[in-house]
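Throughout, protein chains are lettered first and strands after them, A, B, ... in sequence-line order, and every chain is numbered starting at 1. Owing to the predicted nature of the structure, the values given are computational and were not obtained by experimental measurement.
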Amino acid sequence: MPELPEVETTRAGIEPHLVDRTITAVTVRENRLRWPVSPELSQMATGQTIVSVERRAKYLLIGLRRGFVMIHLGMSGSLRILAQETAPQRHDHFDMMLDSGVILRYRDPRRFGSIFWLDQLSHRLLDQLGPEPLGEDFDGTTLFKASRGKARNVKTLIMDAGVVVGVGNIYANEALYLAGIRPTQPAGKITIKRYHRLADAIKSVLEKAIAAGGTSLRDFLKEDGKPGYFRHALKVYDRAGEPCLGCHKPLSSVRITGRATVFCKRCQR
DNA sequence: ATCGGGACCTGCTTGC
DNA sequence: TGCAAGCAGGTCCCGA
């Protein structure tokens, strides 16, 4: 479900409910996620005050006076803010109770997500990540340099978290369409000029998606239970066979490393 | 070193 | 109607 805009939407939504609150209890109902939930999490976090709610790539980082709770939503995860205790549903794996009475509840049917306790802001899953796409240290030159000598296709390149983080399947398709670049193009053959267009397209589509509250396709809901509205702005994702919004030819689809890839043969070269 | 594919899960849609 | 196959927003890890 969540790519960077959905994670950022969630972060911004939960932040005001969490900062300056004290954690009164942590409940782990199911610890078998992508990796086991850190066994010390409940003991370390309970009684502590939350000082920040940040995001790095698709990880949420809840900063406490001492240590961090790190959450990844995987494919089907979501966080909700509950004003009061309600009976947990199937797949509600984790609760964090606050002194305000609010509960932060984690749901993840497929259990591809993860929840870790971190003593410090360092983790093997964080330390190898590339730059943030909306940061100043990411631009066309970043992509150009990472692509030299690479035979892999450009879509796989921009979805590689070691190159740039946060670009998942929806926004990779959208950004390549906006930049007029065919997803199957070998990354090593693309000019720096076109990589500048692509980096700009990535920034643009992510910013617009964040402003719209993310993309709700099947089951993504914001922390308040409402959907995001960027779905209506998608130009190619989930539109295979439908007319290109530019030239009206039917959109083509292929699979690239197992992922649905939609593009326009005329508008993307 | 680089790359593609498998693996991890559940739930919904599609097609026979 | 029922059942099985196929597919889904992620990404680590392994073997080639």
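If you measure from atom CD of A/Q128 to atom C1' of B/dT2, you get 16 Å, rounded to the nearest angstrom. A straight line from CG of A/D92 to P of B/dG11 spans 12 Å, rounded to a whole angstrom. The NE2-P distance, from A/H93 to B/dT10, rounds to 9 Å in whole Å. In this entry the distance linking CD1 of A/I158 with P of C/dG9 reads 14 Å, nearest Å. Straight-line distance from the CG atom of A/D160 to the P atom of C/dC13: 14 Å, rounded to whole Å. Computed from coordinates, the A/W35 CH2 to C/dT11 P distance equals 9 Å when rounded to whole Å. Atom-to-atom, CD1 of A/I170 to C1' of C/dT11 comes out at 16 Å; the value is rounded to the nearest Å. In this structure, the CG atom of A/L206 is 16 Å from the P atom of C/dG9, given to the nearest Å.
Inter-residue side-chain proximity for A/L125 and A/F116 is flagged as met; some heavy-atom pair is nearer than 4.5 Å. Counting only heavy atoms from C-beta outward, the side chains of A/Y229 and A/T215 never approach each other to under 4.5 Å.
Taking the side chain of A/K150 as heavy atoms from C-beta on, and the options B/dT2, B/dC9, C/dG9, the nearest nucleotide is B/dT2. In this structure, the nucleotide among C/dG9, B/dC8, B/dG4 sitting nearest to the side chain of A/E3 is C/dG9. Of the listed nucleotides (B/dG4, B/dC9, C/dA8), B/dC9 has the atom at the smallest distance from the side chain of A/F112.
Within the structure, every side-chain polar atom (N or O) of A/Y171 is placed at least 4.0 Å from both OP1 and OP2 of C/dG9. The shortest distance between the side-chain N/O atoms of A/R152 and the OP1/OP2 oxygens of B/dA1 is not below 4.0 Å. At the phosphate of C/dC13, OP1 or OP2 sits under 4.0 Å from a side-chain N or O atom of A/R124. Between A/H72 and the phosphate of C/dT11, there is a side-chain N or O to OP1/OP2 separation shorter than 4.0 Å. Distances shown here put a side-chain N or O of A/H91 below 4.0 Å from the OP1 or OP2 atom of B/dG11. Considering only side-chain N and O atoms, A/R259 lies nowhere under 4.0 angstrom from the phosphate OP1 or OP2 of C/dA8.
Using a 4.0 Å cut-off between charged side-chain N and carboxylate O, A/K203 and A/E207 make no salt bridge.
Atom CG of A/L104 is separated from atom NE2 of A/H17 by 10.0 Å, given to the nearest 0.5 angstrom.
Heavy-atom distances to DNA chain C give each of A/R110 and A/R34 a nearest nucleotide, and the one nearer the 5′ end belongs to A/R110.
In this structure, A/G130 and A/V165 approach most closely via the heavy-atom pair O-CG1, 3.4 Å.
Not a single donor-acceptor pair, N or O on each side, falls under 3.5 Å between the base of B/dC9 and the side chain of A/R111.
A cation-pi geometry, defined here as NZ or CZ lying under 6.0 Å from the six-membered ring centre and within 45° of its normal, holds between A/R124 and A/W35.
A gap of 23 Å separates the C1' atoms of B/dG11 and C/dC12, to the nearest Å. Rounded to whole Å, the separation between the P atoms of B/dT14 and C/dG9 comes to 15 Å.
Base pairing of C/dG9: no nucleotide in any strand meets the Watson-Crick or G-U wobble criterion (both distances under 3.5 Å). Nucleotide B/dC9 forms a pair with no other nucleotide shown, judged by Watson-Crick or G-U wobble geometry with both contacts under 3.5 Å.
Within the 4.0 angstrom heavy-atom criterion, no nucleotide atom of any strand lies near A/A161.
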